[in-house]
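Within every chain, numbering begins at 1; the chains are lettered A, B, ... in the order of the sequence lines, protein sequences first and strands thereafter. As the structure is a computational prediction, the values presented were derived from the model and not from experiment.
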Amino acid sequence: MAIVVNGTRVAPPDDPRVSLLDLLRDRLHLSGTKIGCNQGACGACTVLVDGKRVLSCLTLAAQVDGRSVVTIEGLGSADDLHPLQAAFIEHDGFQCGYCTAGQICAATAMLEEIAAGMPSYVTEDLGADGIAISRDEIRERMSGNLCRCGAHNGIVDAILQVATEKVA
Amino acid sequence: MSNLQNMIISSVRTAIGWVPGQWLPGGKPDPLITRRGAVGRQASRLDGPAKVTGTARFAAEVAIEGLCYASLVHSPVTRGRITGIDSSAAERAPGVVRVITHRSMPRVASPALMSMADMGAVGNSSLPILQDDEIHYNGQIVAAVVAETQEQADHAASLLRIDYAEANAATRFEDAKSAARTMPSLLFDTNHRKVGDAERELARSAHRVDETYRTPWQSHNAIELHAVTVAWDGDDRLTVHDATQMIAPSAAALARIFDLKRDNVRVLSPFVGGGFGGKGMWDHQIVAVAAARMVGRPLRLMLSRESVYRIIGGRSPTEQRVAIGADADGRFTSLIHTGYSVMPGYGASPEAFTLGTRALYQAKSFEFVQRHVELAVVANTFMRAPGEAVGTFAVESAVDELAHGMGVDPIELRLRNLPERHPITNVAFSQHALRQAYEDGARRFGWERRQREPGARRDGEWRIGMGCASGSFPYARMPGAAVGLTMRRDGTATVACSAQEMGMGTSTVQVQHAADRLGLPVEAIAFEMGDSGLPAAPMAGGSSQTVSIAGAIIAAAEKLTTELLRLAGNDSPLAGLRTGDVRLEREGIASATDPSRHESFRSILSRANRDEITVQAAGTPPLELFKYAMHSTSAMFCELRVSDVTGEVRVDRLLGSFDCGAILNPKMAASQFRGGMIMGLGLALTEETLFDERSGRIMNPTLADYHIPAHLDVPEIEVMWTGIPDPRSPLGARGIGEIGITGVGAAIANAVFNATGKRVRDLPITLDRLL
């Protein structure tokens with residue numbers, strides 16, 4: 001078996017204690033994925049596993065054997081930015097940039113969750129076809145990703161812009 | 001902080017007071033205040049692409065061959081001694097390279113403490129670092145384990161067996177107050193200031209308020225954990241990739257501690273994942289550097305989140321008395337602000353919560369004094385707007401209480417008592433437009449919709465209220481900031497200095513600045529930073545980095561002009577002109593009076609047969625600080641709901657109206673203001689580092705139990721500014737990194753009172769306080 005990271009097959013680590021986060025950062029040098037607490041409280045380590053957002057600090061590397069992992073490096077590059085990456089720059093959705101990768105990965109999966117009709121705590125009409133994207137929906141669904149610089153408004157604006165363009 | 005220091009500061013002030021203003025820096029307003037191109041534009045961050053794609057490298061992300069990893073062990077007791085260490089199991093654990101305790105740690109001095117007398121010092125604590133068996137506070141580092149991987153180091157650290165003999169420790173704030181120390185000075189001012197007899201004026205005032213306000217220990221909680229990657233080259237050259245907001249001073253401190261030549265120590269920290277005052281020099285850097293030398297390999301030490309809480313100091317708790325007396329017209333006759341904060345004898349950072357109050361209001365009499373309580377805790381340190389963040393909570397709550405008692409609108413009461421000059425020193429303000437900030441802010445916010453009577457607005461279970469408060473933060477420009485400036489024949493230029501980027505947009509704004517200063521397009525400018533090998537920038541603190549570096553660029557541009565004019569010689573249209581006669585524009589030099597006399601940089605350098613020219617210069621001494629009272633101010637507005645059922649507070653609207661000098665990049669400035677206000681939201685409602693007062697141990701050292709604002713807590717935040725340039729500062733700017741958090745605590749507490757009629761004087765305003 002192998003873990004597919006940004007399209008490349010890598011062998012799972014020998015030490016079963018190694019988290020997906022440490023595999024990415026320390027062994028594969030994909031340090032775009034950040035570590036803020038190592039205990040699932042801050043969201044900085046969010047990556048996509050088979051398209052769904054997971055906290056890589058709480059995921060053992062062995063758990064994702066045979067699955068596909070996408071990190072911030074796999075979403076886009078400086079020459080070919082993902083729409084969310086471009087929107088974060090445009091709306092100043094970061095300052096120090098440390099929580100940014102987690103925010104962007106979380107937002108990527110979060111928009112898919114909304115598109116798939118998964119309700120949240122603030123979804124008003126659970127019976128409606130489709131979920132209307134609003135600032136409150138985004139805020140609720142992004143609350144697992146902490147930002148200490150206080151870029152929250154820019155982050156929500158950036159996600160809202162991309163969500164709106166997607167629908168349009 | 002000594003009497004001698006008071007005397008020096010006061011005599012410099014007096015001497016500078018006699019010097020005509022135009023002879024001083026800032027005497028003639030910076031010409032770029034009126035002549036702007038790139039400055040003032042909404043540029044996006046230059047480091048944006050690197051940050052959103054994950055390629056910006058932080059301290060723990062530098063790959064080095066042969067790297068080993070360290071893990072720390074903390075004392076679970078507060079005071080006492082280590083009586084025994086059994087490291088055999090840890091040493092036998094797979095992958096362990098070395099176990100380091102006070103027995104094996106080399107003898108090293110602690111870094112010199114930060115102080116106003118030594119602006120280059122970086123120490124937060126004078127306690128020995130793994131030097132002996134004594135325990136001073138709960139969480140102190142007692143051992144480090146080095147192993148081949150982080151997992152192996154963490155596991156082995158859990159196998160160390162350490163025995164302690166516990167001793168009594170001072171851990172209760174209330175008990176320790178009786179032995180509090182009164183220092184002669186408080187940062188740049190005399191600690192105890194008395195004007196008139198404030199107690200007597202208070203007693204005979206027509207209206208008065210006299211209350212006690214409390215704020216808790218808070219932690220910076222930058223999302224990036226503190227980390228160092230250390231590499232020795234032989235025994236005399238050291239490279240440290242650190243997460244620090246004080247690069248050059250850290251390199252100097254490490255050179256002293258490890259007895260190395262200053263030039264042989266290189267500290268790199270181009271990107272810092274949030275600082276807020278917490279990313280300075282603490283014990284972990286010293287331990288990591290020593291450990292790397294001991295094992296003879298490059299080494300990484302990244303703190304766990306728990307370690308950050310335990311060994312990186314936070315904002316001290318405070319207990320503040322604010323008493324205000326007013327006459328029948330609401331003019332203040334007495335303003336008293338005194339109280340206690342924690343500063344252990346081994347600490348360096350007074351929480352100067354009365355300093356801002358000294359410049360905020362006019363009054364007939366004043367008294368200010370602070371006392372330091374000694375507790376056995378990790379040394380407290382500066383955290384975003386130290387002093388003012390919590391000081392404004394107390395004084396601006398008290399003003400609101402007085403206004404309510406008098407039946408006067410709280411904005412009106414504040415405007416009646418605005419100072420014309422600095423109320424204590426009687427020095428003129430360089431620029432001060434708090435009145436306009438209030439008027440503009442109140443109009444935008446819709447303050448007229450506020451109901452004067454508390455509890456008058458309701459929507460179902462929610463009670464709705466509005467509050468406001470003033471914020472303030474002093475201007476600072478650090479002495480000694482230097483930059484290197486290289487101009488090339490191809491028409492490009494590079495500005496270089498050791499400063500780091502931790503979210504303020506330093507490189508972006510200085511590129512904008514340098515473009516205007518040098519008369520070049522922004523695309524032609526590069527900014528090199530984050531390396532102690534570059535000309536030294538001072539530490540990032542006091543919201544001073546932008547103007548400090550700007551001051552250095554001004555000096556460097558002037559020096560460059562002189563050099564270029566010399567190179568231009570007699571064959572140039574500029575022949576005969578001196579530095580004071582020209583300005584840099586249109587990618588060259590032009591006569592200030594006859595713009596047709598112009599020669600491009602390319603042409604000058606080509607004719608001189610030079611590829612490039614490099615100058616280095618430091619900014620002028622910041623004497624404007626002594627000649628003028630320089631303060632940023634703000635008017636903060638809040639509208640919120642409080643649930644009758646749960647006591648939950650939801651902030652619906654926050655508006656900050658700022659008077660902070662010229663705004664250099666509105667997009668990034670708005671982010672800085674909002675960021676400060678959001679930290680203020682946390683200060684008001686959720687943030688508290690909880691010490692078990694019986695043991696002195698932090699009980700919530702996790703981001704799950706210390707609640708910083710999350711997305712759902714943060715409303716859309718409006719910010720606006722007067723934009724009036726400060727005629728005495730480089731670019732007309734004052735700092736904006738810290739003012740945002742000031743005033744927020746009181747604006748929210750005052751809105752809670754307006755919503756519910758409940759006055760909460762202890763932060764944070766948690767649900768239990770409203771039920």
Side chain, backbone, both or neither: which part of [X] has a non-hydrogen atom closer than 4.5 Å to chain B?
X: Ala78(A); result: both
X: Gln39(A); result: side chain
X: Leu146(A); result: both
X: Ser77(A); result: backbone
X: Ile138(A); result: neither

Can I get a per-line list of side-chain donor-acceptor pairs under 3.5 Å for residues 704-715 of chain B, giving both atom names and the distance, sequence neighbours left out?
{"from": "Asp705(B)", "atom 1": "OD2", "to": "Thr702(B)", "atom 2": "OG1", "distance (Å)": "3.2"}
{"from": "Tyr706(B)", "atom 1": "OH", "to": "Ser219(B)", "atom 2": "N", "distance (Å)": "3.0"}
{"from": "Tyr706(B)", "atom 1": "OH", "to": "Ser219(B)", "atom 2": "O", "distance (Å)": "3.3"}
{"from": "Tyr706(B)", "atom 1": "OH", "to": "Glu687(B)", "atom 2": "OE1", "distance (Å)": "2.7"}
{"from": "His707(B)", "atom 1": "NE2", "to": "Ala704(B)", "atom 2": "O", "distance (Å)": "3.1"}
{"from": "His711(B)", "atom 1": "NE2", "to": "Gln103(A)", "atom 2": "OE1", "distance (Å)": "3.1"}
{"from": "Asp713(B)", "atom 1": "OD2", "to": "Ala710(B)", "atom 2": "N", "distance (Å)": "2.9"}

Looking at [options], which makes the most heavy-atom pairs under 4.5 Å with chain B?
options: Val18(A), Thr100(A), Asn38(A), Val156(A); answer: Val18(A)
options: Asn145(A), Ile155(A), Thr71(A), Asp26(A); answer: Asp26(A)
options: Gly154(A), Ser31(A), Gly32(A); answer: Ser31(A)
options: Ser143(A), Gly102(A), Gly144(A), Gly97(A); answer: Ser143(A)
options: Cys37(A), Ala101(A), Gly40(A); answer: Cys37(A)

Which residues in residues 59-67 of chain B have any heavy atom closer than 4.5 Å to a heavy atom of chain A?
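Interface residues of residues 59-67 of chain B: Ala60(B), Glu61(B), Ala63(B).
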
Heavy-atom pair of closest approach, residues [X] and [Y]:
X: Asn153(A); Y: Ile717(B); answer: OD1-N, 2.7 Å
X: Arg27(A); Y: Thr149(B); answer: NH2-CG2, 3.8 Å
X: Arg148(A); Y: Asn221(B); answer: CG-O, 3.2 Å

Which value, rounded to the nearest 0.5 Å, describes the distance between [X] atom [atom1] and [Y] atom [atom2]?
X: Cys149(A); Y: Ile223(B); atom1: SG; atom2: CD1; value: 8.0 Å
X: His155(B); Y: Asp15(A); atom1: NE2; atom2: CG; value: 10.0 Å
X: Ser44(B); Y: Asp92(A); atom1: OG; atom2: CG; value: 7.0 Å

Could you check if a side-chain atom of [X] sits within less than 4.5 angstrom of a side-chain atom of [Y], using non-hydrogen atoms only?
X: Gln85(A); Y: Thr53(B); value: yes
X: Leu225(B); Y: Ile35(A); value: yes
X: Gln152(B); Y: Arg17(A); value: yes
X: Val272(B); Y: Cys96(A); value: no

Could you tell me whether Glu224(B) and Lys34(A) make a salt bridge, using a distance below 4.0 angstrom between a side-chain N and a carboxylate O?
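Lys34(A) and Glu224(B): not salt-bridged.
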
Heavy-atom distance under 4.5 Å to chain A: side chain of [X], backbone, both or neither?
X: Thr55(B); value: neither
X: Phe271(B); value: neither
X: Ile678(B); value: side chain

[X] (side chain) donor-acceptor with [Y] (main chain) under 3.5 angstrom:
X: Lys667(B); Y: Glu90(A); answer: yes
X: Arg305(B); Y: Gly36(A); answer: yes
X: Arg45(B); Y: Phe94(A); answer: yes
X: Gln95(A); Y: Met504(B); answer: no

Look at [options] and state which one has the largest set of heavy-atom pairs under 4.5 Å with chain A.
options: Met677(B), Gln42(B), Gln150(B), Gln672(B); value: Gln672(B)
options: Leu703(B), Val52(B), Asp154(B), Asp47(B); value: Val52(B)
options: Gly675(B), Gly740(B), Ala227(B); value: Gly675(B)
options: Glu306(B), Arg57(B), Glu501(B); value: Arg57(B)

So does Arg41(B) have more than 12 non-hydrogen atoms from other groups sitting under 6.0 Å from CZ?
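At most 12 heavy atoms, drawn from other residues, nucleotides or ligands, come within 6.0 Å of this atom.
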
Does atom CD of Glu124(A) have more than 12 heavy-atom neighbours from other groups under 6.0 Å away?
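Atom CD in Glu124(A) is not packed in, count stays at 12 or less.
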
